[in-house]
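Have a look at the structure below before the remarks.
Note that the coordinates shown come from a computational prediction; the quantities given were computed from them, not determined experimentally. Just so you know, residue 1 is the first one in the sequence shown, and it goes up from there.
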Amino acid sequence: MIKYHPNQDLLTLHAQGELPLSLSIAVSAHCELCSECAAKLASLTLAATEDSFTLSAISSDDSQMNAELDSDLEALLADMMTDDNLDVADSSQQTNSTVSNIDITVKGQDYRLPRAFRQQVANQWQGIGKVSRLRLDTGEIKARASLLHIAENGEIPQHSHKGEELTLLLAGEFSDEYNTYTAGDFMVLNSEHEHSPKTVEGCLCYTVVDAPLYFTKGISKLLNPIGELIY
């Protein structure tokens, strides 16, 4: 059962198309896994669309030129729709090619990603031990978006966050000092949180960070001087 969800502000900004790509992917993927948030997003998107059309209608009423252009466009569309020679693409083929899932394999495990990732998985996996990472190119300067895989009985050493860390659990499970998480859980942590995620059966996550992790215990603290380079 999904316990953690994006807040109302994130859903609203996503519906309005105002989130950066890294966060938009996270919200879209979560909504593919969570029917509750998918319903909320559909309602917010409808409201945003209605607001947009209302503003457009008000704006067009203020300009005679816009009214004439709208009339010409309607006439053109009417001609096109009555043209017997108009080619219409097979909608079923369009749907299949546009919204298909993507399958990946890491550490011998097969996963099916939500459709939100279909144009993002192009790089190679990198990792050490039980932890593997595949960097996603979102075109953002500061934020780092990645797929993160932890093999069975793996863990990430105790750490805090210099900035914010968003984690969407896509498959499997993991636990930390705060709770146990299942596929679909959407968590945002910051500098006030310190934890050490562990998994028994293995897990696949989508993560977005805007600053390096800060390791706080044991030999892993040796990684902190190079954290700026690897986050």
Side-chain angles (χ1 to χ4, degrees), residues 2 4-6 10 14 19-34 37-38 98-157 159 161-176 180-189 193 195-213 215 220 223 226-231:
I2 298 174
Y4 298 93
H5 308 264
L10 276 176
H14 181 66
L19 287 180
L21 180 57
S22 60
L23 298 185
S24 180
I25 290 172
V27 174
S28 293
H30 171 80
C31 287
E32 290 185 50
L33 300 171
C34 175
C37 287
T98 302
V99 299
S100 60
N101 295 84
I102 181 169
D103 298 319
I104 63 170
T105 301
V106 54
K107 295 287 186 178
Q109 295 292 316
D110 297 326
Y111 298 96
R112 171 157 289 185
L113 296 178
R115 295 185 297 272
F117 294 97
R118 63 184 177 274
Q119 295 181 337
Q120 289 297 320
V121 182
N123 295 321
Q124 298 296 317
W125 287 94
Q126 298 176 326
I128 300 175
K130 292 181 178 291
V131 180
S132 302
R133 182 188 69 187
L134 186 150
R135 182 80 76 203
L136 304 183
D137 182 12
T138 61
E140 297 164 52
I141 296 175
K142 190 174 182 181
R144 300 287 190 270
S146 306
L147 290 175
L148 182 71
H149 179 265
I150 308 176
E152 61 181 26
N153 297 316
E155 66 179 285
I156 295 179
H159 64 274
H161 308 83
K162 290 187 176 183
E164 288 194 337
E165 176 189 61
L166 181 154
T167 301
L168 171 63
L169 182 53
L170 298 171
E173 54 71 36
F174 75 85
S175 60
D176 62 11
T180 296
Y181 310 94
T182 57
D185 278 332
F186 185 107
M187 296 79 68
V188 179
L189 303 180
H193 302 93
H195 68 156
S196 177
K198 302 176 178 65
T199 178
V200 175
E201 65 183 59
C203 65
L204 178 69
C205 304
Y206 172 62
T207 66
V208 182
V209 297
D210 59 9
L213 306 184
F215 296 100
S220 63
L223 295 175
I226 61 172
E228 293 285 348
L229 299 177
I230 65 174
Y231 92 98

Donor-acceptor contacts, no H, no angles, side chain residues 167-176, under 3.5 Å, sequence neighbours left out:
| residue | atom | partner | partner atom | Å |
| --- | --- | --- | --- | --- |
| E173 | OE2 | T199 | OG1 | 2.9 |
| E173 | OE2 | V200 | N | 2.8 |
| E173 | OE2 | E201 | N | 2.8 |
| D176 | OD1 | Y178 | N | 2.8 |
| D176 | OD1 | N179 | N | 3.1 |
| D176 | OD1 | Y181 | OH | 3.0 |
| D176 | OD2 | Y181 | OH | 3.2 |
| D176 | OD2 | H195 | ND1 | 2.8 |

Flag side-chain contact, heavy atom, 4.5 Å: L21 against L136: no
Whether over 12 other heavy atoms sit under 6.0 Å from D137 CG: no
Flag side-chain contact, heavy atom, 4.5 Å: V209 against H161: no
Side chains of V208 and I25 in contact at under 4.5 Å (non-hydrogen atoms): no
Heavy-atom side-chain contact between F117 and I104 under 4.5 Å: no
Donor-acceptor pair, side chain of D185 and main chain of Y4, under 3.5 angstrom: yes
S132 to K107 - nearest heavy-atom pair and separation: OG-CE, 3.3 Å
Check: I2 and F186 side chains under 4.5 Å, non-hydrogen atoms: no
Residue pair H159 / P197, side-chain heavy-atom distance below 4.5 Å: yes
Check: M187 and L166 side chains under 4.5 Å, non-hydrogen atoms: no
Side chains of P6 and C37 in contact at under 4.5 Å (non-hydrogen atoms): yes
